[in-house]
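Note that the coordinates shown come from a computational prediction; the quantities given were computed from them, not determined experimentally. In what follows, every chain begins at residue 1, and chains take the letters A, B, ... in the order their sequences are listed.
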Amino acid sequence: MKLATWNVNSLTVRLSQVEEWIKKAKPDLLLLQETKQENIKFPHEAINALGYKSIHNGQKTYNGVAIISKYELLDIQNNIPGFEDGQKRMIAATVNTNHGKIRIVCVYVPNGQSVDSDKYFYKLDWLKHFTLWLKNEMLSHPDIIIAGDFNIAPQDIDCHDPEAWKNNVLVSKREREAFQKIIDLGFSDSFRAMNPSEIQYSWWDYRMAGFRRNLGMRIDHILTNKNLINKVTMSAIDKEPRKSERPSDHTPVIIEI
DNA sequence: ATGGCGTGGTAGCCACGA
């Protein structure tokens, strides 16, 4: 089973690239973030034409998450239950794979802007409520994969310049602690588990020739619970889409189970 | 390094991303 996550920074702009990538990579599941479109605009027909089913939790201009799947998508959940939030940042569904039933959770964690902004506290609050919901979700779903744009670089090796970024948003202590709380529920950062000392990034700033100079961060992650991490055969970051014309600033992260 | 780019909404350049 092959699963990927990709923040596309507008599905309206990136649809043709997503179609091309699906044809080439042939994932069983592809989780998208920042679709930036209302549900009515989501291209279900184009996705169906490739042999996939799709669900979308979107809104105009900002945010928006989707799951594209070879499998039937069951027991769909939009947003974090009990958390009042106008921003569409989470969608979950259950799939029946050759490795059994798996709960698939697609997240677009708030960016946080800067550590002294209201958006930073919204980010921490969002993560707190997400973690609480997840803990409860684990009671009824033995196997869970959480994938998406976490907007957190878990360790210094996930940041191109830890000194310059020290105490900044994406790397700050409180964000890393919030990420660790999810891990502590019984999850593994699959890319890091499979590649313990590999320096690779999933996002590069559009400005300052960030990609060419490899000034990146590893902020897009696929977390699996302990049972599944033992079955993961590979995890990789596909830099190819970031090289294309008019790319997203993020690139896909992949696992095979 | 506090800008530079990119996207979307709106009709002014502004909000937001990371």
Side-chain angles (χ1 to χ4, degrees), chain A residues 5-18 31-43 56-66 85-90 106-127 130 147-179 189 191 199-221 237 239 241-253:
Chain A
T5 179
W6 190 7
N7 178 326
V8 291
N9 186 19
S10 171
L11 187 57
T12 308
V13 173
R14 233 66 69 190
L15 178 60
S16 61
Q17 291 183 38
V18 170
L31 282 53
L32 304 179
Q33 300 85 40
E34 283 206 88
T35 56
K36 296 187 175 179
Q37 62 190 189
E38 292 174 292
N39 286 338
I40 190 94
K41 296 206 171 167
F42 189 87
H56 180 233
N57 179 24
Q59 66 187 101
K60 207 174 181 180
T61 317
Y62 302 119
N63 313 308
V65 282
D85 188 6
Q87 303 187 23
K88 310 297 188 190
R89 297 182 172 277
M90 205 272 277
C106 174
V107 294
Y108 175 45
V109 176
N111 169 280
Q113 197 165 63
S114 67
V115 294
D116 55 3
S117 92
D118 291 345
K119 296 193 182 76
Y120 182 74
F121 293 99
Y122 164 65
K123 178 179 195 171
L124 295 175
D125 200 36
W126 193 97
L127 284 162
F130 175 71
D149 178 358
F150 283 75
N151 271 316
I152 299 172
Q155 297 174 273
D156 280 354
I157 58 164
D158 302 313
C159 172
H160 70 273
D161 191 346
E163 267 314 303
W165 279 79
K166 205 170 172 60
N167 302 324
N168 215 311
V169 72
L170 311 189
V171 304
S172 75
K173 189 160 169 276
R174 293 177 76 178
E175 289 165 85
R176 284 179 169 172
E177 283 169 359
F179 185 79
D189 171 354
F191 179 85
I199 295 178
Q200 279 199 49
Y201 308 127
S202 65
W203 168 85
W204 299 262
D205 202 314
Y206 284 122
R207 297 168 295 186
M208 302 189 324
F211 184 63
R212 184 178 58 74
R213 297 163 65 204
N214 199 27
L215 306 178
M217 305 274 260
R218 194 176 68 89
I219 54 176
D220 300 87
H221 308 298
I237 297 175
K239 284 168 76 170
R242 190 63 177 78
K243 298 173 185 170
S244 61
E245 192 118 348
R246 219 178 162 188
S248 168
D249 45 355
H250 297 250
T251 210
V253 182

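When rounded to the nearest whole Å, the span between CG of A:Asp118 and C1' of B:dC16 equals 15 Å. Taking atom CG on A:Asn63 and atom C1' on B:dA15, their separation rounds to 12 Å, with Å as the unit. A:Asn168 has its CG atom 10 Å from the C1' atom of B:dT2, to the nearest Å. Distance A:Arg213 CZ to B:dC5 P: 13 Å, rounded to the nearest Å. Between A:Glu38 atom CD and B:dG9 atom C1' the separation is 12 Å, expressed in whole Å.
Here, B:dC14 and B:dT10 have their P atoms 16 Å apart, quoted to the whole Å. Here, B:dG17 and B:dG4 have their C1' atoms 15 Å apart, quoted to the whole Å. Distance noted for atom C1' between B:dG12 and B:dT2: 24 Å (whole Å).
Relative to the side chain of A:Thr12, the nucleotides B:dG8, B:dG4, B:dA18 differ in distance, and B:dG8 lies closest. Distance from the side chain of A:Arg207 is smallest for B:dG17 among the nucleotides B:dT7, B:dA15, B:dG17. Looking at the side chain of A:Lys119, the nearest of the listed nucleotides B:dC16, B:dT7, B:dA18 is B:dC16. Closest to the A:Met208 side chain, of the nucleotides B:dT7, B:dG4, B:dA18, is B:dG4. Among B:dA18, B:dG9, B:dT7, the nucleotide with an atom closest to any side-chain atom of A:Lys60 is B:dG9. Relative to the side chain of A:Tyr206, the nucleotides B:dG6, B:dG8, B:dA18 differ in distance, and B:dG6 lies closest. Distances from the side chain of A:Glu34 to the nucleotides B:dA15, B:dA18, B:dT7 place B:dA18 closest. Counting only heavy atoms from C-beta on, A:Asn111 has its side chain closest to B:dG17 among B:dG17, B:dC16, B:dT7.
OP1 or OP2 of B:dA18 lies within a sub-4.0 Å distance of a side-chain N or O belonging to A:His250. At B:dG6, none of the side-chain N or O atoms of A:Asn9 fall inside 4.0 Å of OP1 or OP2 (strictly under the cut-off). Note on A:Tyr108: a side-chain N or O is less than 4.0 Å away from OP1 or OP2 of B:dA18. A close approach under 4.0 Å does not occur between any side-chain nitrogen or oxygen of A:Thr61 and OP1 or OP2 of B:dC16.
Looking at A:Arg89 and A:Phe130, their side chains never come closer than 4.5 Å, going by heavy atoms from C-beta outward. Here the side chains of A:Phe211 and A:Lys243 are in contact, with some heavy-atom distance below 4.5 Å. Proximity of A:Trp204 to A:Arg212: side-chain heavy atoms (C-beta onward) are nowhere separated by under 4.5 Å.
A:Asn7 comes within 4.0 angstrom of the backbone, heavy atoms only, and of no base. Backbone-only engagement by A:Val13 is indicated by non-hydrogen atom pairs under 4.0 Å involving sugar-phosphate atoms exclusively.
For A:Pro247 and A:Trp165, each mapped to the nucleotide of DNA chain B holding its nearest heavy atom, the one lying further toward the 5' end belongs to A:Trp165. Taking the nucleotide of DNA chain B with the nearest heavy atom to each of A:Gln113 and A:Arg246, the more 5' of the two is matched to A:Arg246.
Between A:Glu34 and A:Tyr108, the side chains place a donor N or O and an acceptor N or O closer than 3.5 Å (distance only, hydrogens not considered).
Nucleotide B:dG12: unpaired (no Watson-Crick or G-U wobble partner with both distances less than 3.5 Å).
The residues A:Asp158 and A:Arg176 are annotated as not salt-bridged, no charged nitrogen and carboxylate oxygen being separated by less than 4.0 angstrom.
Closest of all the heavy-atom pairs between A:Met90 and A:Asn57 is O-ND2, 3.0 Å.
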